[in-house]
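Starting from 1, each residue takes its place in the sequence as its number. What you see below is based on every heavy atom in this structure, not just the backbone, and it leaves out hydrogens, waters and symmetry mates.
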Amino acid sequence: QVQLEESGGGSVQAGGSLRLSCAISGDPGMTYCVSWFRQVPGKEREGVAYIYTADSNTYYTDSVKGRFTISQDNAKNTLTLQMNDLKPEDTAMYYCAAIKSSADYCTLRRDDYRYWGQGTQVTVSS
């Protein structure tokens with residue numbers, strides 16, 4: 001059973017930075033697509049970035065390109081999302097999601113992911 005646990009959310013002023021972490025446990029040796037999604041009440045959950053753990057290939061949605069960086073620490077089985085130059089529109093609940101994958105078929109489609117964390121709140125004030 002794969003489990004994900006996020007940490008690192010909080011409140012920051014516009015222009016500030018936060019780092020989110022996602023600890024993955026349960027199936028050592030597997031390769032994954034791991035993504036960060038975000039959701040505000042009343043809106044669809046939106047994928048913002050993914051990484052394929054076998055080769056660290058990454059992809060970002062346009063709204064976060066140049067500001068967010070997704071990376072992995074293999075020794076700690078941890079994925080991070082470094083968020084810089086935060087904007088009020090980045091305010092949301094952020095979720096880590098994963099799916100086992102033997103090749104880089106990663107997407108930012110919510111329905112493609114099987115494992116989810118509980119979420120961590122990010123609030124950016126103007």
Side-chain angles (χ1 to χ4, degrees):
Q1 180 70 18
V2 176
Q3 293 182 319
L4 309 178
E5 183 172 359
E6 303 100 335
S7 60
S11 298
V12 66
Q13 289 190 327
S17 299
L18 285 172
R19 177 185 292 251
L20 305 183
S21 294
C22 175
I24 301 177
S25 61
D27 203 343
M30 280 298 302
T31 54
Y32 297 87
C33 294
V34 183
S35 289
W36 286 95
F37 286 76
R38 65 187 181 186
Q39 189 170 23
V40 296
K43 292 191 175 181
E44 292 291 318
R45 192 168 294 188
E46 171 195 25
V48 297
Y50 72 64
I51 187 167
Y52 181 51
T53 62
D55 61 9
S56 296
N57 183 48
T58 60
Y59 178 84
Y60 302 88
T61 195
D62 286 345
S63 62
V64 307
K65 280 181 183 176
R67 302 188 297 121
F68 290 12
T69 302
I70 187 171
S71 61
Q72 61 178 333
D73 181 337
N74 291 332
K76 297 181 180 179
N77 292 325
T78 300
L79 284 296
T80 63
L81 184 69
Q82 177 67 42
M83 305 185 294
N84 298 328
D85 190 24
L86 282 161
K87 303 176 180 181
E89 53 263 42
D90 295 318
T91 295
M93 185 71 79
Y94 283 71
Y95 298 89
C96 179
I99 183 72
K100 298 178 185 179
S101 184
S102 60
D104 188 357
Y105 300 131
C106 305
T107 73
L108 289 179
R109 292 190 295 267
R110 174 182 181 174
D111 290 346
D112 288 348
Y113 288 83
R114 178 176 181 182
Y115 307 106
W116 291 85
Q118 80 286 355
T120 186
Q121 178 68 35
V122 170
T123 302
V124 184
S125 57
S126 58

| said: Tell me which pairs pass disulfide bond (SG atoms under 2.5 Å apart) where either residue lies in residues 76-126, with sequence neighbours left out. | reply: Cys22-Cys96, Cys33-Cys106
| remark: When every non-hydrogen atom of Thr53 is compared with those of Thr31, the smallest separation belongs to OG1-CA, 3.4 Å
| request: Go through Met83 and Val12 one step at a time and tell me if the side chain to side chain contact (heavy atoms under 4.5 Å, CB included) criterion holds. | output: CA-CA 11 Å; Met83 305 185 294; Val12 66; over 6 Å; no
| field | Common cluster, Ile51/Met30, ILVMFWY with side-chain heavy-atom separation under 4.5 Å | value | yes
| What are the two closest non-hydrogen atoms of Asn84 and Ser17, and how far apart are they? | OD1-OG, 2.9 Å
| said: Rounded to the nearest 0.5 Å, what separates atom OG1 in Thr123 from atom CD in Gln13? | reply: 12.5 Å
| Distance in Å, Arg19 CZ paired with Ser7 OG, rounded so as to fall on 0.5 Å steps | 11.0 Å
| query | What are the two closest non-hydrogen atoms of Arg109 and Thr107, and how far apart are they? | reply | N-OG1, 3.1 Å
| said: Counting only heavy atoms not in Glu5 (residues, nucleotides, ligands), do more than 12 fall under 6.0 Å from its CD? | reply: no
| task | Supply the atom-to-atom distance Ser56 OG to Gln72 CD, rounded to the nearest 0.5 angstrom. | result | 4.0 Å
| task | Find out if a path of hydrophobic residues (ILVMFWY) with successive side-chain heavy-atom gaps under 4.5 Å connects Met93 to Val122. | result | no
| query | When rounded to the nearest 0.5 angstrom, what distance separates CG in Leu81 from OG in Ser35? | reply | 10.5 Å
| field | Close side-chain approach of Thr69 to Tyr60, heavy-atom, < 4.5 Å | value | yes
| request: Answer yes or no: is there a side-chain heavy-atom contact under 4.5 Å between Glu6 and Ser21? | output: no
| said: I'd like to check Tyr32 versus Ile99 (side-chain heavy atoms, cut-off strictly below 4.5 Å). Are they in contact? | reply: no
| field | Criterion side chain to side chain contact (heavy atoms under 4.5 Å, CB included) on Lys87 and Arg67, from CA distance to verdict | value | CA-CA 10 Å; Lys87 303 176 180 181; Arg67 302 188 297 121; 3.8 Å; yes
| Does a side-chain heavy-atom distance below 4.5 Å link Thr80 with Ile70? | no
| query | Any donor and acceptor pair, going by atom type alone, linking the side chain of Thr120 with main-chain N or O of Gly9 inside 3.5 Å? | reply | yes
| remark: On a heavy-atom basis, the closest approach of Asn57 and Asp55 is N-OD1, 2.9 Å
| said: Taking Leu79 as the starting point, is it possible to reach Val64 by hopping between hydrophobic residues whose side chains are less than 4.5 Å apart? | reply: yes
| said: Measuring only between side-chain heavy atoms, which start at C-beta, is Tyr95 closer than 4.5 Å to Gln39? | reply: yes
| Would you call Tyr50 and Val34 a side-chain contact if the rule is heavy atoms closer than 4.5 Å? | no
| request: Would you mind checking if Asp62 and Lys65 are paired as a salt bridge, meaning a charged N to carboxylate O distance below 4.0 Å? | output: yes
| message | Between Asp73 and Thr78, is there a side-chain donor-acceptor contact under 3.5 Å, judged purely by atom types and distance? | response | no
| task | Could you label the plane-to-plane angle of the Tyr113 and Phe37 rings as parallel, tilted or perpendicular, counting under 30° as parallel and over 60° as perpendicular? | result | perpendicular
| If you draw a 6.0 Å radius around CD in Gln118, do more than 12 non-hydrogen atoms from other residues or ligands fall strictly inside? | yes
| query | Angle class for the Tyr94/Phe68 ring planes (parallel below 30°, perpendicular above 60°, tilted otherwise)? | reply | tilted
| field | Within-4.5 Å side-chain heavy-atom neighbours: Ser63 and Glu46 | value | yes
| query | Just wondering, do Leu108 and Val48 contact through their side chains at under 4.5 Å, heavy atoms? | reply | no
